[in-house]
A.B. asks: 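Structure provided below as structure tokens; questions to follow.
The sequence lines fix the lettering, A, B, ..., with proteins before strands; numbering per chain opens at 1.
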Number of protein chains: 4
Amino acid sequence: MTQQNEFQRLAERLREFANQRVWEPFHSPKNLSMALIVEAAELVEHFQWLTEQESRELDAETLTQVELELADIFIYLVRLADQLNVDLVSTAYKKIELNERKYPVEQVRGKAQARQAHK
Amino acid sequence: MTQQNEFQRLAERLREFANQRVWEPFHSPKNLSMALIVEAAELVEHFQWLTEQESRELDAETLTQVELELADIFIYLVRLADQLNVDLVSTAYKKIELNERKYPVEQVRGKAQARQAHK
Amino acid sequence: MTQQNEFQRLAERLREFANQRVWEPFHSPKNLSMALIVEAAELVEHFQWLTEQESRELDAETLTQVELELADIFIYLVRLADQLNVDLVSTAYKKIELNERKYPVEQVRGKAQARQAHK
Amino acid sequence: MTQQNEFQRLAERLREFANQRVWEPFHSPKNLSMALIVEAAELVEHFQWLTEQESRELDAETLTQVELELADIFIYLVRLADQLNVDLVSTAYKKIELNERKYPVEQVRGKAQARQAHK
């Protein structure tokens with residue numbers, strides 16, 4: 001089974017989940033973007049008072065919770081991509097290529113803040 | 001190639017991208033969660049003044065921009081999952097099963113707000 | 001009592017609250033910005049599945065919850081402004097003047113999306 | 001002039017700003033919550049790759065930008081409070097009192113993460 005099919009399978013499962021509950025009318029891209037950022041914030045909440053180092057060494061219980069937040073974000077992301085007919089994987093590679101040109105190694109080495117220049 | 005491998009391939013490409021730029025020290029889960037929510041907000045920004053209906057009927061130009069925002073979110077999500085050793089797809093299925101039990105069809109049909117009860 | 005003093009009074013009360021709990025070391029602007037966006041997301045969560053019209057006609061119980069979310073955002077905002085020595089009110093007026101020049105009435109009348117052009 | 005009046009004056013100025021541009025129809029609480037979190041994310045963006053220490057020692061240019069982000073958040077917060085008829089200052093004090101009971105000094109001293117227990 002190809003990766004594309006794996007994504008399609010997940011997208012279909014989520015479509016079915018929404019349809020069975022008659023939640024499709026609520027799943028406008030606008031609303032899904034709100035749901036996605038709410039889940040992203042639940043992820044951020046786990047890290048807000050941790051040091052960076054602590055965030056690299058989560059205990060098992062926190063890690064399990066963080067995993068489920070990542071799943072929630074992923075679920076809404078796949079649902080949104082499905083609604084908008086976007087192929088996440090190929091778009092990600094397209095974006096990586098853009099980033100490679102935007103942030104040439106020799107110019108940004110060791111300087112993550114260079115990224116903020118994109119505004 | 002299996003889906004797992006496809007994800008691994010993307011995760012590796014992103015790891016390489018960060019390593020070449022010596023950005024790994026900046027990529028603590030704490031910082032990546034911040035970068036992810038910033039990208040999620042750039043998605044939300046596209047929808048903030050649109051009606052729900054308009055968000056379902058994006059023009060080609062907006063759709064292209066929205067696609068790249070989805071890619072950015074996906075990129076940071078894969079990067080985070082890679083740093084934390086999380087398998088996004090299998091965790092997503094685990095979460096869907098939890099949701100199926102939490103939101104039984106007969107109880108939540110047509111009521112998306114039932115979801116807010118999870119707080 | 002002037003407005004400035006009212007803000008100072010609130011900022012002081014929050015400083016004291018943090019000091020008594022020895023939370024000052026956690027209250028770096030970085031961490032406070034994370035806490036603020038987490039509270040903003042709790043606000044968004046109340047509205048994510050509502051129509052715009054419904055969001056204008058909240059029932060009493062939801063309104064009480066929304067009020068407390070607004071308070072949480074305000075608390076972190078005042079705390080951040082205090083840490084960074086920013087006068088929120090005078091900066092707000094400065095920003096309104098910038099916006100008045102950026103969005104001339106005759107150009108943006110009835111078009112909120114004009115605001116997105118600021119990116 | 002009392003503080004209450006100062007807030008009212010700012011709220012009125014923002015109401016006027018929106019009315020002159022015929023933006024009131026866009027300013028549903030739902031949409032304003034989205035605009036607010038977008039501004040919160042622009043704040044977070046400034047801090048995402050900084051260490052906590054660096055975020056406490058911003059250079060003048062960054063501080064000026066951060067100030068304007070705080071103003072944007074404040075503007076949408078006041079606008080939302082105005083639309084929902086919420087008195088931000090008195091609600092903030094109410095919330096602080098709730099927090100004082102929820103986080104007794106002796107239990108949470110030096111442990112900011114105690115706050116996460118509120119979920």
A.B. asks: Below 4.5 Å, heavy-atom pairs only: which of A:Arg109, A:Gln53, A:Glu69 has the largest tally toward chain B?
C.D. replies: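 Answer, by heavy-atom pair count under 4.5 Å with chain B: A:Arg109.
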A.B. asks: Sort A:Leu10 into side chain, backbone, both or neither according to what part of it lies under 4.5 angstrom from a heavy atom of chain B.
C.D. replies: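 For A:Leu10, heavy atoms of backbone and side chain both lie under 4.5 Å from chain B.
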A.B. asks: Any non-hydrogen side-chain atom of B:Tyr103 less than 4.5 Å from a side-chain atom of A:Gln20?
C.D. replies: no
A.B. asks: Could you tell me if the side chain of A:Ile96 sits less than 4.5 Å from the side chain of B:Arg13, heavy atoms only?
C.D. replies: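 Yes - at least one pair of side-chain heavy atoms lies under 4.5 Å apart.
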A.B. asks: Which value, rounded to the nearest 0.5 Å, describes the distance between A:Glu97 atom CD and B:Phe17 atom CZ?
C.D. replies: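 A:Glu97 CD to B:Phe17 CZ: 11.0 Å, rounded to 0.5 Å.
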A.B. asks: Check whether any side-chain heavy atom of A:Ile73 sits under 4.5 Å from a side-chain heavy atom of B:Leu36, and report yes or no.
C.D. replies: yes
A.B. asks: Which pair of non-hydrogen atoms, one from A:Phe26 and one from B:Glu52, has the smallest distance, and what is that distance?
C.D. replies: O-OE1, 4.5 Å
A.B. asks: When only pairs under 4.5 Å are counted, which of B:Ala35, B:Ser55, B:Pro25 shares the most heavy-atom pairs with chain A?
C.D. replies: B:Ser55
A.B. asks: Heavy-atom pairs under 4.5 Å with chain A: which of B:Leu77, B:Thr51, B:Ile75 has the most?
C.D. replies: B:Leu77
A.B. asks: Taking C-beta and beyond as the side chain, do A:Leu98 and B:Leu68 meet within less than 4.5 Å on heavy atoms?
C.D. replies: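 Counting from C-beta outward, A:Leu98 and B:Leu68 do come under 4.5 Å.
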A.B. asks: Return the minimal non-hydrogen interatomic distance between A:Leu84 and B:Leu70, and the atom names on each side.
C.D. replies: CD1-CD1, 4.3 Å
A.B. asks: Atom NZ in A:Lys30, atom CG in B:Leu58: separation rounded to 0.5 Å?
C.D. replies: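 Going from NZ on A:Lys30 over to CG on B:Leu58, the span is 11.5 Å.
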A.B. asks: Please check this pair: side chain of B:Trp23 against backbone of A:Val108, looking for a donor-acceptor N/O pair closer than 3.5 Å.
C.D. replies: yes
A.B. asks: Using 0.5 Å steps for rounding, measure from the CG atom of A:Asn85 to the CD atom of B:Glu67.
C.D. replies: 9.5 Å
A.B. asks: Does any non-hydrogen side-chain atom of A:Met34 lie less than 4.5 Å from one of B:Gln48?
C.D. replies: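 Heavy-atom side-chain distance check fails, nothing below 4.5 Å.
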A.B. asks: With a 6.0 Å cut-off on ring centres, are B:Phe7 and A:Phe7 close enough?
C.D. replies: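 Judged by ring-centre distance (under 6.0 Å), B:Phe7 and A:Phe7 do meet the cut-off.
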A.B. asks: Can you tell which of B:Ala81, B:Gly110, B:Ala40 has the highest number of heavy-atom pairs within less than 4.5 Å of chain A?
C.D. replies: B:Gly110
A.B. asks: Measuring heavy-atom distances to chain B, does A:Val78 have an atom under 4.5 Å in its side chain, in its backbone, in both, or in neither?
C.D. replies: neither
A.B. asks: Taking the basic N atoms (NZ, or NE/NH1/NH2) and the acidic carboxylate oxygens, is any pair closer than 4.0 Å for A:Arg21 and B:Glu100?
C.D. replies: no
A.B. asks: Under 4.5 Å from any heavy atom of chain B, what part of A:Ser90 do you find: side chain, backbone, both or neither?
C.D. replies: neither
A.B. asks: Could you tell me whether B:Arg56 and A:Glu24 make a salt bridge, using a distance below 4.0 angstrom between a side-chain N and a carboxylate O?
C.D. replies: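 Salt bridge between B:Arg56 and A:Glu24, a charged N being under 4.0 Å from a carboxylate O: yes.
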A.B. asks: Does the side chain of B:Leu43 come within less than 4.5 Å of A:Ile37's, by heavy atoms?
C.D. replies: no
A.B. asks: Which one wins on heavy-atom pair count under 4.5 Å against chain A: B:Ser33, B:Pro104, B:Ala71?
C.D. replies: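 Of B:Ser33, B:Pro104, B:Ala71, B:Ser33 has the most heavy-atom pairs under 4.5 Å with chain A.
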A.B. asks: Is B:Phe74 close to A:Thr91 at the side-chain level, that is, under 4.5 Å between some pair of heavy atoms?
C.D. replies: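 Not touching, per the 4.5 Å side-chain cut-off.
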A.B. asks: Does the pair A:Lys95 and B:Asp72 meet the rule for a side-chain contact (heavy atoms from CB on, under 4.5 Å), with working shown?
C.D. replies: CA-CA 7 Å; A:Lys95 190 61 203 285; B:Asp72 282 327; 2.6 Å; yes
A.B. asks: Kindly indicate whether the side chain of A:Phe47, heavy atoms from C-beta on, has any atom under 4.5 Å from the side chain of B:Asn31.
C.D. replies: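 Heavy-atom side-chain distance check fails, nothing below 4.5 Å.
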